[in-house]
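Here is the structure we will look at, set down as structure tokens.
By convention here, the first residue in the shown sequence is residue 1. For clarity, every value in this text was computed on a predicted model and none was experimentally measured. Computed from heavy atoms alone, side chains included, the values below leave out hydrogens, waters and symmetry copies.
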Amino acid sequence: MKLYFAICCIIYCLCAVFANAFGITSPDLQAFLGTTETQQGLIVTFQSIGGLLAAIFLALYGERFNKIKTIAVGTAAVAVSALLVGLLPCFFSQESGRSFAYNLLFIVLAIGGIGNSTVDLTMNGMVADLYSKSKGLHIPVIHTFYGAGAMITPIIFMCSIPLWTGAPRFSTPYLIIALVGLTCFAAYAFSAKKVIPLSPYADMRATRQLVCHNPAEVFTSLRSWALIFIAFLYAAFQYGLSIWLSTYNIQQVGLSQAHSGYVVSAYFSVALVMRLFSPKILTRLSASKYYAIFGIAASISLSAAFCSSSSAVFIIFLLLGGFLQGGLVPCFMIIASDALPNRQSAAAAFFLIAMNLAGLLVPLIMGVIIEHISFRLAMLFIIFCLFLSAAFLNLRGKTVGQRN
């Protein structure tokens, strides 16, 4: 079980690298394919739609499938997708086949995105099932590895060199992801054979009958919609900040591009540190109280940062806010898992549904606010979403925390 969990942590870290890879390699991909910003954005839009559909499907029917095997399928999809992206320059040059290459990339990354979403969703439900008595420790640990993956992605791409003459820069990192992914898949498949007989998935007949009877029961509960709404508010904050923070640092705070990169890296680094501390704090606080207290505290600190006219004060309160909110995602997963003990796939799907909805709506809303009102107001808008997420959970804590 320890070896299996270690492999799961590496796979989750790899999925974070894959999820963040497209944004970093987008300029190189755009130059190689000769695509416009709209065409590049279309890939992200369809990945969000694909992720949303995968989340809804698994929320309804995820309990019918062996989660250990489902993670294997998702891992294989991510690895194969990365391999095809990495090998793209072998089959198409910049002078010929650009249109076909773009269409192939579009399909391959969409499949990889769905596989990534499948792993993301199923991993949380599987950990809650296998480690039900210690999920307060295990869920924050796997999310720590996800945060680590997001941190090391820029390093992987900065340190990568072309494997052959004339190869574009994006090829090597994707081939690295593919190599690690295929290795993880092989190790995972070997370990899974020994774990399945010891898991709740050894005999799934009763669970499958329950889901077949009423697969949509989780969406008929007010408690479930409250959880999705809470997750959407947090996702709006997280999505908006990850997209616009670097630009805000340069345009509004006056930082250089390099210094802005350091600040963004520091923000996610302190958030990762908090994920390491959160299991200890959760031994003293309930998950609902933790989410409410630290969510509100983070929103206050971040508001102070974006209302400040001093770059030094801005950075201090930004990093403090990043630290305070660092443990909210695994904490939410614990809350959702407790609320739906018999539907762990649905519980894990709530955040993924919310994240994909935020991906469809928040960039557009913030773009309108930035263009027609002010950049600062747009950032305060998403911070207010974080505050509402924590405050609403505090008001509804007894309801959403009850077992279904």
With a 3.5 Å distance limit and no angle check, can you tell me whether Ser81 reaches the backbone of Val78 through a side-chain donor-acceptor pair? no
Ring centroid separation Phe170 to Phe32 under 6.0 Å: yes
Are Tyr291 and Ser389 close enough that a side-chain donor and a side-chain acceptor fall under 3.5 Å? yes
Ignoring hydrogens and geometry, is there a side-chain-to-backbone donor-acceptor pair from Gln325 to Gly322 under 3.5 Å? yes
Between Phe323 and Tyr267, is the gap from one ring center to the other below 6.0 Å? no
Treating Tyr188 as the side-chain partner and Ile68 as the backbone partner, does any N or O pair qualify as donor plus acceptor under 3.5 Å? yes
Can you check whether Ala304's main-chain N or O pairs, donor with acceptor, with Ser308's side chain at less than 3.5 Å? no
Looking only at atom types and distance, does a side-chain atom of Ser299 sit under 3.5 Å from a main-chain N or O of Ile296, one as donor and one as acceptor? yes
State whether the side chain of Thr75 and the backbone N or O of Ile71 hold a donor-acceptor pair below 3.5 Å, judged by distance alone. yes
Over all atoms of both residues, closest heavy-atom pair of Gly181 and Ala79: C-CB, 3.8 Å
Tyr234 and Phe332: CA distance, side-chain angles, deciding distance, ring-ring contact (aromatic ring centres under 6.0 Å, His included) verdict: CA-CA 10 Å; Tyr234 176 82; Phe332 175 85; 8.5 Å; no
Considering non-hydrogen atoms only, spot the tightest contact between Ser288 and Leu393 and give its length. O-CD2, 4.0 Å
When the ring planes of Tyr146 and Tyr12 are compared, do they come out parallel, tilted or perpendicular, using 30° and 60° as the limits? tilted
Is it the case that more than 12 heavy atoms not belonging to Phe145 sit under 6.0 Å from its CZ atom? no
Which pair of non-hydrogen atoms, one from Ile7 and one from Ala187, has the smallest distance, and what is that distance? CD1-O, 3.6 Å
Pair Phe381 and Phe384, ring centroids less than 6.0 Å apart: no
